[in-house]
A.B. asks: 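I'd like to ask you about the structure that follows.
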There are 2 protein chains.
Amino acid sequence: MIQKKELPPCPVATIIGLIGNKWKLFIIRDLLTGSKRFGELRKGIPEISQKVLTQNLRAMEEDGIITRKVYPEVPPRVEYELSDLGDTLRPIFDLMRVWGRNYQKLVKE
Amino acid sequence: MIQKKELPPCPVATIIGLIGNKWKLFIIRDLLTGSKRFGELRKGIPEISQKVLTQNLRAMEEDGIITRKVYPEVPPRVEYELSDLGDTLRPIFDLMRVWGRNYQKLVKE
DNA sequence: CTGTATCCTTTACGATACTG
DNA sequence: CAGTATCGTAAAGGATACAG
């Protein structure tokens, strides 16, 4: 029992455990267009608080979905970016985007 | 202002609003293999309580993702099923399943 | 069996103050 | 700027009892 985490046997449960909450989904959405600073992420997800954004970024870093790069400047700059692994989520989000557009058309009718 | 719902302009935000929580994702996962009774869904998602399962099923029915069919028998039987719209989520879950399997392989190494 | 209603607990979240 | 720490609130969720 020296595993990093208890992994559910079901692959869908696995991905839900990693990105199955709306904040992480929003964060990934925004990072798919390139690396972002902390403040940029806040702007892109206005409803999220600083604390919750930090929490989710830390968890995603821990899980290997994103990387965090600190530039030792004054004032400090921190860039968040999808890891190679995180970037493999792109096709899923492409499908979600298409689906979302379709749904929007449906309800507008 | 006679819309069914306020729709976020971003398609990804739209789909997150509809299925962006783990319970709904689990429910869809289970319904992708065919219609299920209430009790079957509970068995498939052991961590969910009756109350929360009901809440999410009602919301998903409202959003047109699933259908609910009551058979007037004794004891009563209720079948939940993906709607045509809900079934169009299938490709997304196919990708998620593949991704989850890959992640499982990664962390086992 | 498939719920609803109620109460209670736990968790998520927000607001504020403060720091390197 | 990008956090951390603390505290208070709101929302989510669980347990139980009960009904059609």
Side-chain angles (χ1 to χ4, degrees), chain A residues 5-6 8 13 16-31 34-63 65-83 86, chain B residues 5-6 8 13 16-31 34-63 65-83 86:
Chain A
K5 249 190 186 180
E6 280 308 322
I16 291 176
L18 290 171
I19 62 164
N21 84 66
K22 65 174 180 173
W23 300 126
K24 290 177 181 175
L25 294 170
F26 276 121
I27 291 168
I28 294 165
R29 177 200 62 178
D30 284 2
L31 291 182
S35 73
K36 296 273 180 304
R37 300 182 58 167
F38 187 82
E40 293 181 289
L41 288 171
R42 286 202 72 179
K43 271 191 54 182
I45 315 166
E47 331 85 71
I48 202 173
S49 71
Q50 187 183 44
K51 176 182 150 187
V52 174
L53 178 55
T54 301
Q55 282 176 346
N56 281 278
L57 288 171
R58 294 286 176 280
M60 293 168 77
E61 195 190 354
E62 179 105 4
D63 289 330
I65 307 290
I66 64 171
T67 61
R68 177 174 182 269
K69 205 164 184 173
V70 182
Y71 296 87
E73 307 170 355
V74 178
R77 184 160 65 98
V78 181
E79 294 270 357
Y80 291 95
E81 191 173 8
L82 286 178
S83 66
Chain B
K5 248 189 188 182
E6 280 308 320
I16 291 175
L18 291 170
I19 63 165
N21 85 66
K22 65 174 180 175
W23 300 126
K24 290 178 182 176
L25 293 170
F26 276 120
I27 292 168
I28 294 166
R29 176 200 63 176
D30 285 1
L31 291 183
S35 73
K36 298 273 180 302
R37 299 182 58 167
F38 188 81
E40 293 180 289
L41 287 170
R42 286 202 71 177
K43 273 191 52 182
I45 316 166
E47 331 86 71
I48 203 172
S49 70
Q50 187 183 46
K51 174 182 149 186
V52 174
L53 177 54
T54 302
Q55 282 176 347
N56 281 279
L57 288 171
R58 293 288 176 279
M60 293 168 76
E61 194 190 356
E62 179 105 3
D63 289 331
I65 307 291
I66 65 171
T67 61
R68 178 174 182 268
K69 205 162 181 174
V70 183
Y71 295 86
E73 308 170 353
V74 178
R77 182 160 64 97
V78 181
E79 292 271 358
Y80 291 93
E81 190 172 10
L82 287 178
S83 66

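These numbers come from a predicted model, not from an experiment. Here is the naming used below: chain letters follow the sequence lines, and residue numbers restart at 1 for every chain.
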A.B. asks: So do the side chains of A:Leu53 and A:Ile27 get within less than 4.5 Å of each other, counting heavy atoms only?
C.D. replies: yes
A.B. asks: Does OP1 or OP2 of D:dC1 have a side-chain N or O of A:Tyr80 closer than 4.0 Å?
C.D. replies: no
A.B. asks: Stepwise, does the side-chain contact (heavy atoms from CB on, under 4.5 Å) test hold for A:Tyr80 with A:Leu41?
C.D. replies: CA-CA 9 Å; A:Tyr80 291 95; A:Leu41 288 171; 4.0 Å; yes
A.B. asks: Is it true that a side-chain atom of B:Asp63 and a backbone atom of B:Ile65 form a donor plus acceptor pair closer than 3.5 Å?
C.D. replies: no
A.B. asks: Would you say D:dA2 has OP1 or OP2 under 4.0 Å from some side-chain N or O of A:Arg77?
C.D. replies: no
A.B. asks: As an exercise, state the distance from CD of A:Gln55 to CH2 of A:Trp23, rounded to the nearest 0.5 Å.
C.D. replies: 11.5 Å
A.B. asks: Counting distance only, does the side-chain N/O of A:Lys36 pair as donor-acceptor with the main-chain N or O of A:Gly34 below 3.5 Å?
C.D. replies: yes
A.B. asks: Please state how far atom CG in B:Leu57 lies from atom P in C:dG3, giving the value in whole angstrom units.
C.D. replies: 7 Å
A.B. asks: Go along nucleotides 6-20 of chain D 5' to 3' and tag each nucleotide: B for a protein heavy atom under 4.0 Å from its base, S when only backbone or sugar atoms are that close, - otherwise.
C.D. replies: BB-----BBB----B
A.B. asks: In whole angstroms, how far is the C1' atom of C:dT4 from the CZ atom of B:Arg58?
C.D. replies: 10 Å
A.B. asks: In whole Å, what is the span from the CZ atom of A:Phe38 to the C1' atom of D:dG3?
C.D. replies: 7 Å
A.B. asks: So does B:Arg68 get a side-chain nitrogen or oxygen closer than 4.0 Å to the phosphate oxygens (OP1/OP2) of C:dG3?
C.D. replies: yes
A.B. asks: So if I take the C1' atoms of five pairs at each end of the helix from C:dC1-D:dG20 to C:dG20-D:dC1 and get each local axis, what angle do the two axes make, rounded to 10 degrees?
C.D. replies: 50°
A.B. asks: Using a heavy-atom cut-off of under 4.0 Å over every strand shown, decide if B:Arg42 touches base, sugar-phosphate, or nothing.
C.D. replies: nothing
A.B. asks: In whole angstrom, give the distance that lies between atom CD of A:Glu61 and atom P of D:dA2.
C.D. replies: 15 Å
A.B. asks: Is any side-chain heavy atom of A:Val70 less than 4.5 Å from a side-chain heavy atom of A:Arg68?
C.D. replies: yes
